[in-house]
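Computed from heavy atoms alone, side chains included, the values below leave out hydrogens, waters and symmetry copies. Just so it is clear, the structure is predicted and the values come from calculations on it, not from any experiment. Note on naming: letters A, B, ... go to the chains in the order of the sequence lines (proteins, then strands), and numbering restarts at 1 for each one.
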Protein chains: 2
Amino acid sequence: MDPELNLSTPTGIRDWHSEAASTKRVVENKLANLFSSWGYEEVITGTIEYEDVIGRGLNEEEKSQLYRFFGREGEAFTLRPDMTTPIARFVASQLTGVPLPLRLFYTGNVFRHEKPQAGRYREFFQAGIELIGTDTGRADAEVIILASEALRTLGVEDFKIGVGQVQLLDSFLEITCLPEKTKNLLKQSIADKDYVTVNSIIEGASLVEEEKDLLNGLSLVQSGEEFFERLAGKSLPGPITIHLERLRDVYDSLAAAGLMDNVFIDLGITRDFEYYTGIVFEVYSPALGFPICGGGRYNNLFGRFGFPCPATGFALGIERILLVLKRVGKLPSSNSKQLLVYGKDFKKLLSAAAGLRSQGFAVEIDLDGKSREELEKYARAAGMELLEVPAEEE
Amino acid sequence: MDPELNLSTPTGIRDWHSEAASTKRVVENKLANLFSSWGYEEVITGTIEYEDVIGRGLNEEEKSQLYRFFGREGEAFTLRPDMTTPIARFVASQLTGVPLPLRLFYTGNVFRHEKPQAGRYREFFQAGIELIGTDTGRADAEVIILASEALRTLGVEDFKIGVGQVQLLDSFLEITCLPEKTKNLLKQSIADKDYVTVNSIIEGASLVEEEKDLLNGLSLVQSGEEFFERLAGKSLPGPITIHLERLRDVYDSLAAAGLMDNVFIDLGITRDFEYYTGIVFEVYSPALGFPICGGGRYNNLFGRFGFPCPATGFALGIERILLVLKRVGKLPSSNSKQLLVYGKDFKKLLSAAAGLRSQGFAVEIDLDGKSREELEKYARAAGMELLEVPAEEE
């Protein structure tokens, strides 16, 4: 072969084949069926978007990861970096008249120009939902419950759900009167679960001991029981109370859904996209070092598209869930037996194959008039069984 | 709303929602199941390709329709304009060691910067197969039979298949000793079915009457019976005979598959991509003014990727098949009944909804504590039935 011949794909772009591709289809279809059964309707947005349109949903770092290019009339195009922003654009342009809430789901590929890392692709697949037009604790809970149902539907029973609220930590930090820089360091340390730094910052702050204890306590990843126990009887400023009540409401709904043992509270959860405004969550499997699924409330995004409207949702990483399924031995497998039929009479082969297919077999027809030896070799390599179809007796 | 707010998608890029999206999924899954049952394995290639890699499969016009852009290290990228070329690249780079024939299928989106026309998109969807590593009439026939099975699986019974052979017309034209320009005009006129021009070119050629009759006859779209009848007893040059024998072989196999009434011979069939080398075909429905499906043999494409290997295949236009299904009243419909459950006790709502979903209903839960009047309005608009779930009696 010509050594100069380039057959590679661009960095971070991969091909799927055979088991990987069919497993992906099975997983996506199971998710699509689940989401449909919860009243969510599918949406597929175009792969190419105007950059200035999609840019409305992104912060500077997210913008820096966009695949950008120019159209033939000089238009600034981009490949979608997530599905939530295109869906906001779509809903704001096409569905402003429909009764709310609106439930939408998707499965699709997104593009982010991230640093190449093990297991990280620049084109990758997500499945997810958006619940648009309702701002209640039940809505926050439905989204989290549906995320956990998604995992169970795929056979993953062992998972944890970290639940946070993006404004709550800010509200607590306001009490501390710490300088902005220190606040940011504290937030980052809580997100990083670097409790040594968290502790030393809080110790150095001019707070009474009880406040220090409270803040230290709230920085921890802990069960809902523990979290709300710490706050029992505390008198807290209005904004904190409102956010806490919502978190409590969501937690109670998750407990009602039987998820008490799966859920923990983690105020340090920060999500990739900057549009989150309320309850956020991430789902973890012990089989994987990063979240399989994440989402939360984003009440301001639709407004940026001229359709102010609360919303919440999540996205599940298809590559990640496939990794988890593989590691926990739950990859769906095709159970159709493979046959290779051969014989001299093509008409008989066609009808034999059709009959076998209708019984659930996957059937290949020998097209080359291969010898018995060649047929056996081919069938063995592909894990197929051989079946001769005799020609009509004369 | 801000009148300056741009919410549009780029020209030729569309969104799919609700029925359209779910129908597309159903159709693609039916096709995937069919292709699997014939022993084809799914492949999903990356959306972004190096332009010089994909360019190997394209002629100048095809290249002119590419979406092109530069990567951050100056790489020349493109969005795939078809699936056959990326699959050739994939097979040549990854699967050269597998036993042949190799059967692959795909469903996916492709990108072509065509002039915007009614019903034409610049991002559109295809499903198709590639049968790699075999160059027999049975292989040509399998591909055409599978295309017709694809239509039947989707509920389309009324269709015609035009079968041609891209070298055959050239071989005949060589006998005429016409100038190159006239040959090309004649080929174009045959492709356009402009028989007046065809006739006048042939009449003006220096051929004996019998040759003129033959050429005139072969230019027509006609049944296989008629076509081969015209040639019966004729003594023809070697290359023509070889191509004719293959066409005859394929035709006989199609007849054996019961497709005699669907098939006609049309030597004027020219396919979009220039890589075709042998038997080509197109599938038509009376419900649509352009082919739903097309394909054929392309024995030289893999060689351009360093892996010389015969192949054949087809691509089915998803947008087109959905149009046909709509027009012939065969769009698959979701048959799950929609319910909206409401009540004070969230736990009871969750469990009632779960029970109903397991019985096949699609169930939404009221998350807002809407009034009965609001619930009725919402349910009516969405075509749902309302169901109250009473709270536990105290």
Side-chain angles (χ1 to χ4, degrees), chain A residues 1-2 5-7 9-10 13-18 21-22 25 29 32 36-37 39 41-48 50 52-53 69 71-72 75 77 89-90 92-93 99 101 109 113 123 134 136 138-139 142 253 256-257 305-306 338 346-347 350 357 362-365 367-368 377-378 381, chain B residues 1-2 5-7 9-10 13-18 21-22 25 29 32 36-37 39 41-50 52-53 69 71-72 75 77 89-90 92-93 99 101 109 113 123 134 136 138-139 142 253 256-257 305-306 338 346-347 350 357 362-365 367-368 378 381:
Chain A
M1 194 196 288
D2 178 2
L5 195 61
N6 177 16
L7 295 177
T9 50
I13 307 294
R14 69 179 283 208
D15 302 309
W16 301 66
H17 175 227
S18 187
S22 66
R25 179 179 293 277
N29 281 333
S36 298
S37 79
E41 291 190 316
E42 184 157 11
V43 58
I44 305 166
T45 66
T47 304
I48 306 171
Y50 284 116
D52 65 336
V53 177
F69 61 106
R72 299 189 184 189
E75 314 94 314
F77 289 147
R89 188 264 308 145
F90 168 67
S93 67
N109 50 347
H113 203 287
E123 174 181 19
T134 172
T136 63
R138 281 189 179 185
E142 169 166 311
S253 291
F305 293 93
Q338 310 263 337
F346 192 57
K347 189 171 178 172
L350 285 171
R357 284 176 195 128
V363 186
E364 289 190 29
I365 298 174
L367 303 169
D368 303 314
K377 194 177 154 198
Y378 177 74
Chain B
M1 196 196 286
D2 178 1
L5 196 62
N6 178 16
L7 295 177
T9 50
I13 307 295
R14 67 178 281 206
D15 303 310
W16 299 67
H17 173 229
S18 185
S22 65
R25 179 178 294 276
N29 281 334
S36 299
S37 79
E41 291 189 316
E42 184 157 10
V43 58
I44 305 167
T45 67
T47 304
I48 304 172
E49 296 268 358
Y50 284 117
D52 64 337
V53 176
F69 62 105
R72 297 188 186 191
E75 313 95 314
F77 288 148
R89 188 262 309 144
F90 168 66
S93 67
N109 49 348
H113 204 287
E123 174 181 20
T134 174
T136 63
R138 279 188 181 186
E142 170 166 313
S253 292
F305 293 92
Q338 310 265 337
F346 192 56
K347 189 170 179 174
L350 286 172
R357 284 176 195 128
V363 186
E364 290 191 29
I365 297 173
L367 303 168
D368 303 312
Y378 177 73

Subject >> Greatest number of heavy atom pairs closer than 4.5 Å to chain B - which of Asp52(A), Thr134(A), Val363(A), Val43(A) >> reply: Val363(A)
Say you draw a straight line from [atom1] of [X] to [atom2] of [Y]; how long is it, rounded to the nearest 0.5 Å?
X	Y	atom1	atom2	value
Ser36(A)	Arg357(B)	OG	CZ	11.5 Å
His17(B)	Ile44(A)	NE2	CD1	11.0 Å
Ser37(B)	Glu364(A)	OG	CD	11.0 Å

**OP:** Let me know if Asn109(B) has heavy atoms under 4.5 Å from chain A in its side chain, its backbone, both or neither.
**Re:** side chain
Minimum heavy-atom separation for [X] to [Y], with atom names?
X	Y	answer
Gly306(A)	Leu5(B)	N-CD2, 3.4 Å
Ile48(A)	Pro10(B)	O-CD, 3.4 Å
Pro101(B)	Asp368(A)	CD-OD2, 3.8 Å
Ser253(A)	Leu350(B)	O-CD1, 4.3 Å

Original post:
Can you tell which of Gly71(B), Ala32(B), Ser18(B), Ala257(B) has the highest number of heavy-atom pairs within less than 4.5 Å of chain A?
Top reply: Ser18(B)
Subject >> Leading residue by heavy atom contact count with chain A [cutoff under 4.5 Å; candidates Phe90(B), Tyr378(B), Phe69(B)] >> reply: Tyr378(B)
Subject >> Arg89(B) and its side-chain hydrogen bond (donor to acceptor under 3.5 Å, both in side chains) partner, picked from Thr9(A), Asn6(A), Asp15(A) >> reply: Asp15(A)
**OP:** Can you tell which part of Phe77(A) gets under 4.5 Å to a heavy atom of chain B, answering side chain, backbone, both or neither?
**Re:** side chain
Original post:
Any side-chain heavy atom of Ile13(A) sitting closer than 4.5 Å to one from Glu49(B)?
Top reply: no
Original post:
Are the side chain of Thr136(B) and the backbone of Leu367(A) linked by a donor-acceptor contact shorter than 3.5 Å?
Top reply: yes
Original post:
For the side chain of Glu123(B) and the backbone of Thr47(A), is there at least one donor-acceptor N/O pair under 3.5 Å apart?
Top reply: yes
Original post:
Do we see a donor-acceptor contact under 3.5 Å between the side chains of Glu42(A) and Ser22(B)?
Top reply: no
